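What follows is a set of notes on a single structure, which appears directly below.
Naming: A, B, ... by sequence-line order, numbering from 1 per chain. On a predicted model such as this, the values are computed, not experimentally measured, just so you know.
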Amino acid sequence: GAGVSQSPSNKVTEKGKDVELRCDPISGHTALYWYRQRLGQGLEFLIYFQGNSAPDKSGLPSDRFSAERTGESVSTLTIQRTQQEDSAVYLCASSPSGRRTDTQYFGPGTRLTVL
Amino acid sequence: SQQGEEDPQALSIQEGENATMNCSYKTSINNLQWYRQNSGRGLVHLILIRSNEREKHSGRLRVTLDTSKKSSSLLITASRAADTASYFCATLNQAGTALIFGKGTTLSVSS
């Protein structure tokens with residue numbers, strides 16, 4: 001079956017513009033995660049969705065970042081008024097139920113470059 | 001903040017040699033996972049070891065966990081050029097809602 005997909009694969013934008021990144025999780029997975037990875041670094045958690053529960057937004061770095069998820073399907077991560085420090089690879093992952101022992105399945109990521 | 005810290009940061013070996021990467025973490029854990037990343041993009045889950053396990057095998061991979069030292073190691077035996085990648089250990093945050101990753105070990109296997 002299809003894995004996690006993300007679009008676009010690459011995005012170049014100018015400082016101050018808004019961007020939207022999309023994630024399609026594996027069908028049937030109730031949990032969805034967004035991470036950010038700066039060059040040469042590990043992944044930083046951004047936000048977590050689990051079913052109809054309130055999302056865990058504790059990793060969002062500023063109020064310029066927001067994310068939505070429609071039911072148990074597609075999620076979009078929006079970055080408003082982008083800054084150069086937002087340049088990174090944004091990775092989405094999904095897992096079957098969000099249990100602590102679940103494997104998270106990652107998408108290929110969106111490489112965002114802010115000029 | 002980062003939970004896991006991998007060591008070494010970079011490792012270069014010849015095909016056929018074994019590669020050992022270490023990971024230290026700070027807080028108590030339910031389990032620890034190792035992931036592999038090729039070319040700075042998507043991650044692939046390699047293995048999960050639970051806090052009550054000391055060693056686990058999967059193919060050419062061997063993972064150990066020492067909860068008293070808060071450390072884990074990943075051993076890749078008989079390495080291949082295709083093993084060239086970055087390897088990350090990860091543990092769950094306290095809420096159990098997200099993985100916390102270290103900076104990773106970059107492994108380069110030359111043929």
Is it true that atom [atom1] of [X] has more than 12 heavy atoms of other residues, nucleotides or ligands lying nearer than 6.0 Å?
X       : atom1 : value
R80(B)  : CZ    : no
L115(A) : CG    : yes
N52(A)  : CG    : no
E55(B)  : CD    : yes
R64(A)  : CZ    : yes

- request: Might you point out which heavy atoms bring A98(B) and F45(A) nearest each other, and give the distance in Å?
  value: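 So the two residues come closest at CB-CD1, 3.0 Å.
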Distance (rounded to the nearest 0.5 Å) between [X] [atom1] and [Y] [atom2]:
X      : Y       : atom1 : atom2 : answer
Y33(A) : L99(B)  : OH    : CG    : 7.0 Å
Q33(B) : Q104(A) : CD    : CD    : 7.0 Å
L48(B) : T103(A) : CG    : OG1   : 6.5 Å

Do Y105(A) and W34(A) belong to the same hydrophobic cluster, where Ile, Leu, Val, Met, Phe, Trp and Tyr are linked whenever their side-chain heavy atoms lie under 4.5 Å apart, directly or via other members? no
- prompt: So what's closer than 4.5 Å to chain B heavy atoms on Y35(A): side chain, backbone, both or neither?
  reply: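 Side chain only.
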Report which part of T110(A) has an atom under 4.5 Å of a heavy atom belonging to chain B: side chain, backbone, both, or neither.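 Contact with chain B involves the backbone of T110(A) alone.
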- For the residue pair L91(A) and Q37(B), establish whether any side-chain heavy-atom pair is separated by less than 4.5 Å.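 In contact.
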In terms of heavy-atom pairs under 4.5 Å, which option from T97(B), L43(B), T106(B) contacts chain A the most?
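The candidate making the most pairs under 4.5 Å is T97(B).
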